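Okay, structure first, notes after.
Bear in mind the structure is a predicted one, so any value in this text is a computation, not a measurement. Within every chain, numbering begins at 1; the chains are lettered A, B, ... in the order of the sequence lines, protein sequences first and strands thereafter.
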There are 2 protein chains.
Amino acid sequence: MTAHDPVIACGNCPIRHNAICAECESDELSMLERAKSYKTVPVGTPLARAGEPLSHFSSLVKGCAAMSRTLEDGRRQTVGLLLPSDFIGRPGRATSPFDVTALSEVTLCRFERTAFERIVRDTPHVASRLLTMTLDELDAARDWAVVLGRMTAREKLAAFLLNLAQRQRSVRGMARPSGKILVALPMSREQMGDHLGLTIETISRQITALRKDGLIEVPSRQDIRILDYDALAFEAGDDGDGAPIA
Amino acid sequence: MTAHDPVIACGNCPIRHNAICAECESDELSMLERAKSYKTVPVGTPLARAGEPLSHFSSLVKGCAAMSRTLEDGRRQTVGLLLPSDFIGRPGRATSPFDVTALSEVTLCRFERTAFERIVRDTPHVASRLLTMTLDELDAARDWAVVLGRMTAREKLAAFLLNLAQRQRSVRGMARPSGKILVALPMSREQMGDHLGLTIETISRQITALRKDGLIEVPSRQDIRILDYDALAFEAGDDGDGAPIA
DNA sequence: CGATCCGTTGAATTACGTCAATAGACGTGG
DNA sequence: CCACGTCTATTGACGTAATTCAACGGATCG
């Protein structure tokens, strides 16, 4: 832990109403306050390693991380993109089933493993919130399976950009996006490829294709501007009938 | 509900120790006993439809079902294979995010929606078991994302057969399989394709290829005999170091 | 100013999909 | 029991989307 971590009080924590603590009353919050500790780590830091013990559970307060698995021959698949308020760790198991890596500088709100499992047991508002978040993640993982299994490269990229746009908005508490939106890409082309089950070259080509088709602008390497949200949603196979993309 | 459903007492229920009720004490069990009802439906019956209200939550007692989503143009992706003890329904939402279809004749142990949500709230042993099962399903969904995103057709089929072998054994309470195992395919080639993100023709060709390579036998359309479990695991990219296939 | 890293683009290859014909299973009725 | 129709699986020929291999270009940093 770095000495200069800002001490955040739960009361004015940016993820107070979305994280594991969202349902807590003030007395439960002060109990969490006593158990928590902050840690800020630089980009690239491994936050968990597949198969290895995990000493702490955390909420991601600030930054971005990726959950992934790497096969023996080097093929890698990202199975989840973690944004502020997302939970890191696998309650009920001592080891993490996946690697988790910081894609940017990341600030964590951490709980020691056994302390946290006691909290889950004794605090119904935490247990209930954990169940809700896990069910939502399960839906998201299954939605993503549809993207990975059945979509073309172009559709995958469109779905990814839309997903990212929605999540970045909802972190900032904004409504469903429409029209022009600037999306901050928190990762390299290679990591996008790992997330979408594509190669870096295919990612690059599809970005170029969407740009030439007037659907997006690429102001910089780490930004993409969606020029027409609904048109991009159409590219992702969403005909506007409400079926989720991811 | 059909009139001739066998009345199963929780005490000698085949999924007593694996389903949502696994952690319950006898008094909690008798409470569930009062709330439950059985239903047996023929193969092909839709048990839930994406986006539509779901009146009951169920445990799958007997048979096999698939959770899937179909895109507007007909592409379909199965996101979960449901075997005995698996849970059907989405607590916390009134509607199902996916279609669920019976792949065989299916017997369900059902609970009316609002009654079940009250049980979850009031029965920590049920809530806790539901969380455990949801976390396991989340791991499985993410494992499957690796298969869908990064594996070849041959690896996908091998991973599927291994997964099915393991689950069919564990339903019957057997140890990790090895050597020769007869796997009952609960689905058509088309449904296998939907599960693996492949076409029916590719499924057929890969079955032939694995057969010609001496890894499997195909005694009938709905059975495959794994001739060498470890060799097949190698085909699925598992070099034996313990990394899970699915 | 050169070295390195990351992204883009092009050309060739390949795995899987598509289209089409055939072959087995299975059920039904004669 | 056999003839027939239907449905599913297999196999072949061909097309194509994405990968692979390779060259190049533009940032960033010493």
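In this structure, B:Asp194 places its CG atom 17 Å from P of C:dC16, rounding to the nearest Å. Distance, B:Leu196 CG to C:dA15 C1': 16 Å, rounded to whole Å. Note: CZ (B:Arg221) to P (C:dG27) measures 12 Å, nearest angstrom. Rounded to whole Å, the distance from CG on A:Leu185 to C1' on C:dG7 is 13 Å. Taking atom NZ of A:Lys212 as the reference point, atom P of C:dT9 lies 6 Å away to the nearest angstrom. Spacing between atom CG of B:Leu148 and atom P of D:dA18 amounts to 16 Å, rounded to whole angstrom units. Atom pair B:Ile224:CD1 and D:dT10:C1' shows a separation of 13 Å (rounding to whole Å applied). Rounded to an integer number of Å, the gap from CE of A:Met187 to P of C:dC6 is 15 Å.
Taking 4.0 angstrom as the limit, B:Arg189 places a side-chain polar atom (N or O) nearer than this to OP1 or OP2 of D:dT10. Note on B:Thr152: every side-chain N or O is 4.0 Å or more away from OP1 and OP2 of C:dA15. At C:dT9, none of the side-chain N or O atoms of A:Ser204 fall inside 4.0 Å of OP1 or OP2 (strictly under the cut-off). The side chain of A:Ser188 places no N or O atom within less than 4.0 Å of a non-bridging phosphate oxygen (OP1 or OP2) of C:dC6.
Side-chain proximity of A:Thr208 to the nucleotides D:dG12, C:dT9, D:dT10 is greatest for C:dT9.
Classification of the A:Trp144-A:His195 ring pair by plane angle, with boundaries at 30° and 60°, yields parallel.
For A:Arg205 against D:dT20, a side-chain N or O and a base N or O form a donor-acceptor pair under 3.5 Å. At a cut-off of 3.5 angstrom, counting only N and O atoms as typed in the model, there is no donor on one side facing an acceptor on the other between the side-chain of B:Glu201 and the base of C:dC16.
Nucleotides of DNA chain D nearest to B:Thr202 and A:Arg154 differ in position, and the one nearer the 5' end is that of B:Thr202. Each of A:Ile200 and B:Thr199 was assigned the nucleotide of DNA chain C with the nearest heavy atom; the assignment lying further toward the 5' end belongs to A:Ile200.
Looking at B:Asp99 and B:Arg49, no side-chain N of the basic residue comes within less than 4.0 Å of a carboxylate O on the acidic one, giving no salt bridge. A salt bridge between A:Arg142 and B:Glu137 is present, with a side-chain N of the basic residue lying under 4.0 Å from a carboxylate O of the acidic one. Ionic pairing of B:Asp136 and A:Arg90 is present here: one or more N-O contacts between side-chain nitrogen and carboxylate oxygen are shorter than 4.0 angstrom.
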- Could you walk me through whether B:Val79 and A:Val146 pass the side-chain contact (heavy atoms from CB on, under 4.5 Å) check? CA-CA 7 Å; B:Val79 297; A:Val146 179; 3.9 Å; yes

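Across all strands, B:Leu198 comes closer than 4.0 Å only to sugar-phosphate atoms, never to a base (heavy-atom distances). Within the nucleic acid shown, B:Gly193 has no heavy atom closer than 4.0 Å to any nucleic acid atom. Residue contacts shown for B:Ile203 are absent, as no nucleic acid heavy atom lies under 4.0 Å away.
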